[in-house]
Chemist: 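Here it is: the structure, laid out below.
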Amino acid sequence: MSDLFSPDSEVIWQKKWNEARLFEQDIRDNRPKFYCLEMYPYPSGKMHMGHVRNYSIGDAVARYKRMMGFDVLYPMGFDSFGMPAENAAIKENAHPHEITERNMASITDQIKRMGFSYDWRRQLKSHDPRYYRWNQWFFTKFMEKGLAYQAFAPVNWCSQCETVLANEQVKAGRCWRCNGPVLQKGMSQWFLDIPKYAQELVDGLDTIQFPENVKSLQRDWLGRSEGAEIKFAIEGSDEELTVFTTRPDTLFGTTFVTLAPEHPLAATLVAGTEHEAEWQVLYDEVSAMSEFDRIKNMNKKRGVPLGAFAIHPLTGERIPIWAGNFVIASYGTGAVMAVPGHDERDFDFAKSYGIPIRRVLVKNENDDPNAELKKAECELGWMVNSALDGFDGLYGEDAKTAVIDALAAQGSGTKTINWKIRPWLVSRQRYWGTPIPVIHCDSCGPVPVPAKDLPVELPRDVVFGEGNPLETSASFLAADCPSCGTPGRRETDTMDTFVDSSWYFLRFTDALNDELCFDEAKANHWMNVDFYCGGIEHAQMHLIYARFWTKALRDLGLHQIDEPFNELLCQGMVNKSAPWCEPCGLTFSVDHAGKPCPHCEGPLTERSAKMSKSLGNTVSPEDMIERYGADTVRLFILFAANPTAGMDWSDTALEANYRVMMQLYGMPERLASWDGEAGDMDVWFEGRLKQRVAEFKAAMDTYDLRRAVELSHYELVKDVNWYTRRGGNNPVLAKRILRHWAHMLSISTPHLAEEWWSVLGMEGLISGAEMPSLDSITAEEQNALDGETTTRSFLESARKIKDVAERHLDGPAKTATIIVAPTWKRELAITALEFLEQGGNPKQFISVLSQMEIAQGDRKGEIMGFWGKKMLPQVFKWDDDSRVLIRSSLDEVASLTQRAAFIAEELGLDEVVVVLGESEEDKTGRAGGAMPLSPAVVYA
RNA sequence: GCAGGGGUGGCUGAGGUGGUCAAAGGCGCCGGGCUUAAGAUCCGGUCCCGUAUGGGUUCGUGGGUUCGUAUCCCACCCCCUGCACCA
C-alpha cells in the first residue's frame, strides 16, 4: 500500500490549484464554452450529503469539459436571503447578517475541502447590496413596463411565518416552508405578471432538455386550457356576468349559473333579497377557512340562490343565479355556467337542489336524445335538443366552434385561453430579503426609487420578533417622494427570495461588474447554462420563476437568451436505511433499531429512507472526508448510483471504495516496478486503452457518470490484471497508459490524479491539462483485442464444460483438444448474415441455402437441420463486432494455437491441441458442436 | 379523478431502437491461489437440471404480434411523484 495518501495531501493539492488559478475562467477567442452550474445553496452552517452529491456530479462534468478543451464557467455562490437566518436571529437575539456570514464561512470551508473546481472569484451572495441592488433595479423597470404592480387581492397568508406566500409556495393548503396552515386574507400586495409569459413558458419547454416529469409538472402548473368566455345578461340589471367554460358545446344545457361566494356580483345581487342572510353565512364560512379546510369541505356541495336571474345569451331563457362553495374565485372568471347533464359537479348540485337536468349531448350519433341521464355524461358527444336550429348533430370541436361563432356574432362570447398560473406574489412581510424599492407618496402614489438612489439598503436599526421588522426602523421609513419631493413613506415589504435565484446565473457571467447587472456580450457568450444540476423540488417554483425572469430581462433588452437552462439534471436523493415496520408501513428513527415496532410490537426490518435529522440516519460529510478523504467520498457517491437515481448510503460500500482508492494510489509505483520488455500483450493494452478512452467519453457525453467512473476506477484495473496475467510487464508502456488513465481519474478523484501526475513526472497540474487525443485503433490492435476476447470467452465456457466432462473421466482432465468449427459453418454464417442484412426474411433463407454448394450431396439434410436448429438462432446472437470477426481474416486455429500454452495453464492441463473440425487432424469426431467463434473442446 | 415515472435474479440495479440476455456492475455468499494466520489482493463460482459444450424455467399478471420478445401491442394489478370539485 502506498503511503502517498493522507487526507492532508488533498488540501495541499487544493492549495496548488488555487495558487495556479486553474479554475478562474475568462472568455478566450475561438474556444467552445461550457456553462456548468449547480443550484446555489442556502447557506446553512453545514454541508450535507445532498450538497456533496450535487456538486460531485457538477464538478465531474466541469472537469471533463475542461479537459476536453472547453472554456468552462463553473461558479458557486449563496442564496443567502431567507427566513431561516431571520428566525435564528430572533432565537439567538443576533442579526441575520452576522448569522448568514458566519454560516457562509463555515459551509464554504467544507465545500472547498471537497476540491471542487469553482471559479471562486465569481462567488455571489444574495444579501450583498451589490447583488440585490439589481433586484431592485429590475423591479423598477418592471414597474415601468407594468409587469410589476400593486394590487389588493385575497392572498395566501401563513401566520407562522407571518408573511404572504405565492401560489406556488402553498403545498396541499400548507406553507411550503413551515407546513403551517395557510389562510386567505385580503391585502394589498406586489405582483409580477407571469401569466403574460405563460404561452412562451409552455412553448419553451419543447426547446430545452428537461426531464419529462419536470416538463409535465410545469405544464400542469401553467395549466393552459382552451375554451370560451360567455357573457350572460342579468335580468333587471345593467350588469352582466362572464363565465369561463371549456365546453361551449354544452351551452344549451345550462340550467343555472354558479358564482364563487366571493364573486363581487354575488353580494350585489343578493343584497335585499330573502337569501341574503343565507349567502352571508356561506360567504363567511368560505372566506375565513384556510384553503386546506376549504378543499376538504368542498365535496359537500352547498349553494345559495341569489334571487337573481341571468339571460341565456342564445335562447333568452331565464336562468337562476346561485352561489356555490365549489367555485373558485380566482380561477377563470369566478363564475361558471352550470350544465348538470354533462358535468359531474353540476349534476350533484342540481340533484340536491332540485334544479332541472337537461340532455344536450348523446354518446353515439343515433342515440335517443331524450334518454334519461342517470349521471353526468362528460365526454364529448353529438349535440341534441339544441334550442336553435343548425346545432344538432355537431360533434366535439365542430360543436364548440359553432356555439362560439354564434355567440361572437352577437357579441356575447369569445374563444379564450385560460391559464391556471396566476401573477407571482412577490412581496413578503419579512426583513431578510431585498427591500422593494418604492416610496409611497400621498399625492403621487407608489413611486419607484430612481436608479441613482439604489440600492435601498436594509437598515440595521430594526427590532425582530413583532411583525415586519422594517416597520420598526424610523430612518428607513422616512423618505421623500422621488417625484414631488414631499415626505413619503418607504415600502416595507421585501421581495420573495425566489427573486434572488431567478437571475443569479446571469450575474455569474459577469459577477464583478459594479456598473451593470451584467455585460450583455458576456451574458450572451456564456448563456445559456449547458448543464444545470439540482433537486427536483425546484421543478415548479425556482425553475418557472427563473425562466420567466430570463425572458423578462431579455425583453428589457439586457440580453438575447430565451431560456436560461439548456439541460437540467435532477439528482436523486441520498438515502440510508432506517428501521421499518412492514405491517404498519412506518419508518422509525435509528433509535428503534433492534427493538420491536412501537405500534404493533412486531419485529422491525430495515428500509432505505431519505436522510433526515428526525430519523437520525444522516451521515456527516465532514467525518467521512476526515476518515477517507474527499476523493473516496466523491468516488462512492458517483459510483453508487446514476446521478438521477436515488442512492443508498452504505458504510461497507464506502470502505470498498476506499480500498479501490488505496489500490489506485499504489498503481504507478506497482507498474513502475515492472521490469520486462515490450511484448505481444503491449499491442493488446494499447488497443484496450483506446477502447476504454472512447467508452469513457461516450459515457461522459451522456452524463452517465456511473459508467464513466466504473471504467476509470474499475475496468482499467481489471485490464491491468489481465495484461499481467498474460505475461505483460513493460514499464515503458505502463507509463504511457497511466498518463492517459490519470485524466479519466481526474474528473471524480482529482487529488488522486494529481498524485499520479506528479509521480509520473509530468509538468504542471493535471487539473489544468487537456486530455490528449488518441489515434484510432490499428488493425493489429484490433486483432489482438479480438484474440483476447475470444480466448476469454472460450475459457469461460471451457471451464464449465470441464466440470461436466470430468464426471465422465476417471480422474481430472489432463489434456484438451479444441475443435474449431469446420469452414463450411463459417461460410454458411457469412452467407446468412449477408442475406439478412439485405433485409431477407429468415424463413426464406432455407431456399438460398439449398442452392449453396455446401448443401449439396448426402449431407444436405444434416446441413439444413443445422441451419434451423443451431445457426439461425446463433446468427442473431452475434453482435456487430462478432459479425465483423466472422467475415474477417481471423484464423481461429492460429489464434488459439498461439494462446494454447496460456489456455492450458488457465485450465490446469498438461497439453492443449487445436484442430480444425472435420479435418485430417480432427480425430475426435466431435466437431458437431463447434460454431464459428465458439469452438468445441474435448477433454481427456 | 388527471398527468408523469416505475414494477428485473438473495438484495441493489443496468439494459429496454425485438435477436450480442440466464440478463452488466455492486453488495452478499461459496471455492481456489497467496499467507504462519487474518486482512488486503488476485482467480473462479453463485436460477434449476444435466453421464460433455446441452435442456428447462425466469425480467408484476394475463393475452397478442413474430422465425424470435425483459425489450413491441392490448387488458389488468401494484408502487412512487405531482396536481386536484380548475368549470
Side-chain angles (χ1 to χ4, degrees), chain A residues 1 171-172 211-221 223 225 227 243-247 250 258 294-295 297-301 324-328 330-339 343-346 348-349 378 418-420 536 539-540 608 639-642 645-648 650 652-653 656-657 659 662-663 666 704 706-707 709-710 714-715 717-718 721 724-725 794-809 813 819 836 841-846 868 872-883 906 908 926 928-931 934-939:
Chain A
M1 187 177 294
K171 302 283 165 193
E212 221 25 73
N213 56 340
V214 173
K215 287 189 182 186
S216 130
L217 241 46
Q218 293 212 353
R219 284 196 194 99
D220 275 2
W221 191 258
S225 107
V243 303
F244 173 76
T245 180
T246 55
R247 296 298 301 279
T250 62
T258 319
R294 186 168 172 182
I295 286 167
N297 283 309
M298 268 190 189
N299 45 19
K300 287 181 233 135
K301 289 194 184 37
N325 66 340
F326 62 96
V327 179
I328 298 166
S330 49
Y331 182 77
T333 59
V336 297
M337 61 180 220
V339 185
D343 181 283
E344 271 178 43
R345 291 155 304 177
D346 299 341
D348 291 352
F349 195 87
C378 305
N418 195 48
W419 296 91
K420 200 168 76 172
I536 184 79
Q540 74 262 59
S608 96
F639 185 60
N642 270 327
M647 64 168 279
D648 288 345
S650 149
T652 52
N657 282 286
R659 291 196 295 266
M662 289 307 101
Q663 191 187 357
D704 186 352
R706 217 202 75 84
R707 175 65 186 154
V709 167
E710 185 176 6
Y714 292 84
E715 301 284 18
V717 174
K718 290 184 195 166
N721 291 334
T724 54
R725 190 168 153 199
F794 169 76
L795 277 175
E796 214 166 285
S797 54
R799 268 194 201 101
K800 282 182 191 159
I801 297 158
K802 193 171 170 232
D803 283 346
V804 186
E806 284 179 341
R807 286 179 220 160
H808 302 273
L809 300 169
I819 306 115
L836 293 170
N841 186 315
K843 272 179 170 171
Q844 277 141 27
F845 182 73
I846 199 92
L872 173 63
Q874 184 57 53
V875 147
F876 287 105
K877 285 187 180 175
W878 281 314
D879 59 18
D880 291 345
D881 291 347
S882 305
R883 288 175 185 211
E906 286 291 310
R926 305 285 272 280
M931 290 293 276
S934 176
V937 58
V938 175
Y939 290 96

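Chain letters run A, B, ... following the sequence lines, proteins first and then strands; every chain starts at 1. Small disclaimer: the values here were computed from a predicted structure and weren't measured.
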Chemist: Using the side-chain contact (heavy atoms from CB on, under 4.5 Å) rule, take A:Met337 and A:Thr250 through it: C-alpha gap first, then chi angles, then the decisive distance, then the call.
Modeler: CA-CA 9 Å; A:Met337 61 180 220; A:Thr250 62; 3.6 Å; yes
Chemist: As a quick check of understanding, evaluate side-chain contact (heavy atoms from CB on, under 4.5 Å) for A:Arg659 and A:Met662, giving each step before the final call.
Modeler: CA-CA 5 Å; A:Arg659 291 196 295 266; A:Met662 289 307 101; 5.6 Å; no
Chemist: In whole Å, what is the span from the CZ atom of A:Arg707 to the P atom of B:G25?
Modeler: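 That distance rounds to 10 Å.
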Chemist: Under a 3.5 Å cut-off for both distances, is B:A52 Watson-Crick or wobble paired, and to whom?
Modeler: none
Chemist: Distance check needed: B:C86 P versus A:Met337 CE, whole Å only.
Modeler: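 Distance check: A:Met337 CE to B:C86 P gives 15 Å.
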Chemist: Rounded to the Å, how far apart are A:Phe876 CZ and B:G19 C1'?
Modeler: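 Roughly 6 Å, once rounded to whole Å.
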Chemist: Given 3.5 Å as the limit, does a donor-acceptor pair link the side chain of A:Arg219 with the main chain of A:Val214, or not?
Modeler: no
Chemist: Could you work out the separation of B:G7 and B:G16 based on their C1' atoms and round it to a whole Å?
Modeler: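 B:G7 and B:G16 have their C1' atoms separated by 14 Å.
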Chemist: Among B:A52, B:C67, B:C86, which nucleotide sits nearest the side chain of A:Lys420?
Modeler: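 Of the candidates, B:C86 comes closest.
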Chemist: Expressed in angstrom and rounded to an integer, what is the separation of A:Met931 atom CE from B:A52 atom C1'?
Modeler: 17 Å
Chemist: Between A:Trp221 (CH2) and B:G4 (P), how many Å, whole number?
Modeler: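 Atom-to-atom, A:Trp221 to B:G4, this comes out as 19 Å.
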Chemist: Side-chain N or O of A:Gln663 versus OP1/OP2 of B:C42: is the shortest distance under 4.0 Å?
Modeler: yes
Chemist: When the C1' atoms of B:C48 and B:A22 are compared, how many Å lie between them, rounded to an integer?
Modeler: 11 Å
Chemist: Choosing from B:A87, B:A14, B:C67, which nucleotide comes nearest the side chain of A:Leu872?
Modeler: B:C67
Chemist: For the side chain of A:Asn721, counting heavy atoms from C-beta on, which of B:G25, B:A14, B:C42 is nearest?
Modeler: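 That would be B:C42.
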Chemist: Pick the closest RNA chain B nucleotide for A:Gly334 and for A:Glu212 by heavy atoms, then say which residue is nearer the 5' end.
Modeler: A:Glu212
Chemist: If we call it a pair only when both distances are under 3.5 Å in a Watson-Crick or G-U wobble match, what pairs with B:G19?
Modeler: B:C67
Chemist: Rounded off to whole Å, could you give me the CG-to-P distance for the A:Leu217 and B:G82 pair?
Modeler: 8 Å
Chemist: Name the closest nucleotide to the A:Thr245 side chain, picking from B:A87, B:G44, B:G25.
Modeler: B:A87
Chemist: Please tell me which of the listed nucleotides, B:U53, B:G82, B:C86, lies nearest to the side chain of A:Val938?
Modeler: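 Of B:U53, B:G82, B:C86, B:U53 is nearest to the side chain of A:Val938.
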Chemist: Could you tell me whether A:Lys718 and A:Glu710 have a side-chain N and a carboxylate O separated by less than 4.0 Å?
Modeler: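 No, A:Lys718 and A:Glu710 are not salt-bridged.
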Chemist: Take A:Glu344 and A:Lys301 through the test salt bridge (Lys or Arg N to Asp or Glu O under 4.0 Å) and record every step on the way to the result.
Modeler: CA-CA 11 Å; A:Glu344 271 178 43; A:Lys301 289 194 184 37; over 6 Å; no
Chemist: Work out how far the P atom of B:U57 is from that of B:C74, and round it to whole angstrom.
Modeler: 27 Å
Chemist: Give a yes/no on whether any side-chain N or O of A:Asn213 is located under 4.0 angstrom from OP1 or OP2 of B:G5.
Modeler: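 No, because none of the side-chain N or O atoms of A:Asn213 sits under 4.0 Å from OP1 or OP2 of B:G5.
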Chemist: With a 3.5 Å limit on both atom pairs, tell me what B:G1 is paired to, counting Watson-Crick and G-U wobble, or say none.
Modeler: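 Result: B:C83.
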Chemist: Which of the following nucleotides, B:A52, B:G19, B:G5, is nearest to the side chain of A:Tyr939?
Modeler: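 Selected nucleotide (nearest to the side chain): B:A52.
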Chemist: Please report the distance separating the C1' of B:A70 from the corresponding atom of B:G9, rounded so that it comes out in whole Å.
Modeler: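 So the two C1' atoms sit 12 Å from each other.
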Chemist: Consider the side chain of A:Ile801, meaning its heavy atoms from C-beta on, and name the nucleotide among B:A52, B:A87, B:G82 that approaches it most closely.
Modeler: B:A52
Chemist: Taking the same atom, C1', in B:G18 and in B:C73, what whole-Å distance lies between them?
Modeler: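 Looking at atom C1' only, B:G18 and B:C73 are 13 Å apart.
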Chemist: Rounding to a whole Å, what distance do you find between A:Glu710:CD and B:G15:P?
Modeler: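 A:Glu710 atom CD is separated from B:G15 atom P by 12 Å.
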Chemist: Out of B:A3, B:C42, B:A87, which nucleotide sits closest to the side chain of A:Thr246?
Modeler: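 Among B:A3, B:C42, B:A87, the one nearest the side chain of A:Thr246 is B:A87.
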Chemist: From B:G19, B:A3, B:G25, pick the nucleotide closest to the side chain of A:Lys718?
Modeler: B:G25
Chemist: Round to a whole Å and report the spacing from CD of A:Glu796 to P of B:A24.
Modeler: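 In whole Å, B:A24 P lies 10 Å from A:Glu796 CD.
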Chemist: When you match A:Ser216 and A:Ala640 each to their closest nucleotide on RNA chain B, which lands nearer the 5' end?
Modeler: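 That would be A:Ser216.
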Chemist: Can you find a side chain N or O atom of A:Arg659 that sits less than 4.0 Å from OP1 or OP2 on B:U41?
Modeler: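 Affirmative; the distance criterion is met.
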Chemist: Closer than 4.0 Å, any side-chain N/O of A:Tyr714 to the OP1 or OP2 of B:G25?
Modeler: no
Chemist: If you look at every strand shown and take non-hydrogen atoms under 4.0 Å, does A:Ser797 touch a base, only sugar-phosphate, or nothing?
Modeler: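 Counting heavy atoms under 4.0 Å across all strands, no contact is made by A:Ser797.
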Chemist: Determine which nucleotide pairs with B:U46, using a 3.5 Å limit on both distances of a Watson-Crick or G-U wobble pair.
Modeler: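 Answer to the pairing question: B:G28, which forms a Watson-Crick or G-U pair with B:U46.
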Chemist: Show, in sequence, the C-alpha distance, side-chain angles and deciding distance for A:Gln663 and A:Val717, and conclude whether the side-chain contact (heavy atoms from CB on, under 4.5 Å) test is met.
Modeler: CA-CA 9 Å; A:Gln663 191 187 357; A:Val717 174; 3.4 Å; yes
Chemist: Determine the contact category for A:Arg706: base if any of its heavy atoms lies under 4.0 Å from a base atom, sugar-phosphate if only primed atoms, P, OP1 or OP2 are that close, otherwise nothing.
Modeler: base
Chemist: May I ask you to decide if the ring planes of A:Phe244 and A:Tyr331 are parallel, tilted or perpendicular, using 30° and 60° as cut-offs?
Modeler: perpendicular
Chemist: Say you pick atom P in B:U61 and the same atom in B:U71; how far apart are they, in whole Å?
Modeler: 11 Å
Chemist: Say you pick atom C1' in B:A3 and the same atom in B:C11; how far apart are they, in whole Å?
Modeler: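 It comes out at 32 Å once rounded to the nearest Å.
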Chemist: Say you pick atom P in B:C59 and the same atom in B:C67; how far apart are they, in whole Å?
Modeler: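 Roughly 22 Å separates the two P atoms.
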Chemist: Which heavy atom of A:Ala936 sits nearest to which heavy atom of A:Ala930, and what is that distance?
Modeler: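 For A:Ala936 versus A:Ala930, the nearest heavy atoms are N-CB, 3.6 Å.
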Chemist: Nearest to the A:Arg725 side chain among B:A52, B:G44, B:G19, which nucleotide is it?
Modeler: B:G44
